[in-house]
Amino acid sequence: MNSLELVTRLRTFLPPEAVLHEKEDLRPYECDGLSAYRQTPMIVALPQTEDEVAQILRICHASKIPVVARGAGTGLSGGALPHAEGVLLSLAKLKRILELDPVARTARVQPGVRNLAISEAAANYGLYYAPDPSSQIACSIGGNVAENSGGVHCLKYGLTVHNILELRVLTIEGELLEIGGGGLDAAGYDLLALMTGSEGMLGIVTEVTVKLTPRPEKAQVVLAAFDDIRKAGDAVANVIAAGIIPAGMEMMDKITTRAVEEYIHAGYNLEAAAILLCESDGATEEVTEEIQRVNEIMKQSGAIEIRTSRDEAERLRFWAGRKAAFPAAGRVSPDYYCMDGTIPRKNLAKVLSGIEALSAEYGLRCMNVFHAGDGNLHPLILYDANRPGELELTEEFGAKILQMCIQAGGTITGEHGVGIEKINQMCSQFKTGELEMFHAVKAAFDPDGLLNPGKAVPTLRRCAEHGAMHVHRGEEKFPELPRF
Ligand SMILES: Cc1cc2nc3c(=O)[nH]c(=O)nc-3n(C[C@H](O)[C@H](O)[C@H](O)COP(=O)(O)OP(=O)(O)OC[C@H]3O[C@@H](n4cnc5c(N)ncnc54)[C@H](O)[C@@H]3O)c2cc1C
């Protein structure tokens, strides 16, 4: 079926404005948040109901047309990058909150609902949806499920996978799967976990039942400044070792705090090599006691300045800088490339030193802002796409950071997914047998490989051509990188 035939077919049940095929209409969909990679899709479809999604899938399946799902397009790994001969399936119009049950503390929502909109709707009942990606004002819950997204508060409250109960998913054949349930455990394989983080490659999420969490009585944050990034790394380990699970524990290095301060005026110490934000939430007495302990640990870990938020306005101001770190990068550099590796916390200082060395080697600045409590790094490599060769250099720098994360006993993604961006690094992270298992899972759901082809799981041929070797965790195969 050619594109015009497909347009005609789709318009038998979708209004004309819900089937886009003119070049200028397709342009807004040619990339996600990873704008370095672009591709115009053949067609964009904007269904409004689950039934319409099912019909689109049936047509594409019958004609072997690739389908790429898209939520809000804020993904940072190119997961929603379109396929040139495929349909970009936008779920943005499925944006209704179907049910909110304050007694069961659950909400049943369509996939295009914004993450923050769930908390806004639940606020009247003193509840909220805990996973809070920094993009929560825009990103969709469907995208969150597909990426297993995290956020500042996931250290204490868990990732998306820990905060959802049920999914309605359409297979590429347009058949409905109802996955999960209200109980703590269920018979059979854990398909809810399998589907979470599957990056639009196994099915299309058409409904999500999320858990809602009671709003804490009180939240307070400690802002600690350090003259040495290693001391800040040790402070993170010391807080966890003391048996404290903060509501959030985030770190920013000097270049980040400077970029952010110029933009947001959060009151950060500009001389510090690193600053840590450590939040406590819960009952008032509990928070007061925990904040006191965190203060002591920061002091013992060598903090040069410690401040505790005195009221809600100050707490939000301390966080505002952290939340604006990505846009702040956009103000100090024409382009930035956000990496997303995770490492065991004990290796934070070593990996950060390694990134510093690579930054000097490549002559590219790198801002480090990250979920320190989870060991989830977000190095933002600053570059200029208009300078010939600089994007390629940036990609190489980024690839080395990810290899370093694997060597440090970590992984190439913490929350942004693999998409197209980290597909070659998958060859380093996993052995052939493991990749074969991923392909077998994919084939069980989508034997023709029509859902989001070319993303997340590399073919064995690609790995062979890429020449990547499997790097065992903790093994030293890159002598130029720091030793672990
Ligand atoms: C400034 C900024 C800050 C960010 N901060 C964070 C952060 O703190 N934590 C974090 O985890 N991420 C963060 N992100 C990344 C991004 O916001 C998340 O990955 C988010 O979950 C993507 O949601 P989306 O709706 O934009 O999905 P999209 O980008 O549209 O799609 C992402 C992936 O999900 C698939 N998909 C989308 N909807 C569906 C569906 N209904 N069914 C099946 N597959 C689907 C797509 O095919 C694609 O593979 C940030 C991004 C930006 C730009």
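Each ligand, and each atom within it, is numbered from 1 in the order the structure gives.
Near ligand 1, residues A69, R70, G71, A72, G73, T74, G75, L76, G79, A80, L91, P111, P133, S134, S135, C139, S140, G142, G143, N144, A146, E147, S149, G150, E199, G200, G203, I204, V205, F326, E415, H416, N452 each place a heavy atom inside the 4.0 Å sphere around the ligand atoms.
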Would you be so kind as to tabulate the donor-acceptor pairs closer than 3.5 Å made by side chains of residues 75-85, with sequence neighbours excluded?
{"residue": "S77", "atom": "OG", "partner": "H416", "partner atom": "O", "Å": "2.7"}
{"residue": "H83", "atom": "ND1", "partner": "E85", "partner atom": "N", "Å": "3.1"}

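Scored by the side-chain hydrogen bond (donor to acceptor under 3.5 Å, both in side chains) test, E390 finds R387 as partners (sequence neighbours excluded).
A 6.0 Å sphere centred on CZ of R215 holds more than 12 heavy atoms belonging to other residues, nucleotides or ligands.
When atom types are taken as modelled, the side chain of D340 and the backbone of E415 share a donor-acceptor pair closer than 3.5 angstrom.
Residue pairs that meet the salt bridge (charged side-chain N to carboxylate O under 4.0 Å, His left out) test with at least one member in residues 143-169, sequence neighbours left out, are E50-R168, K156-D281, R168-E178, R168-E207.
Judged purely by distance below 3.5 Å, without hydrogens or angles, the side chains of E250 and H378 never pair a donor atom with an acceptor atom.
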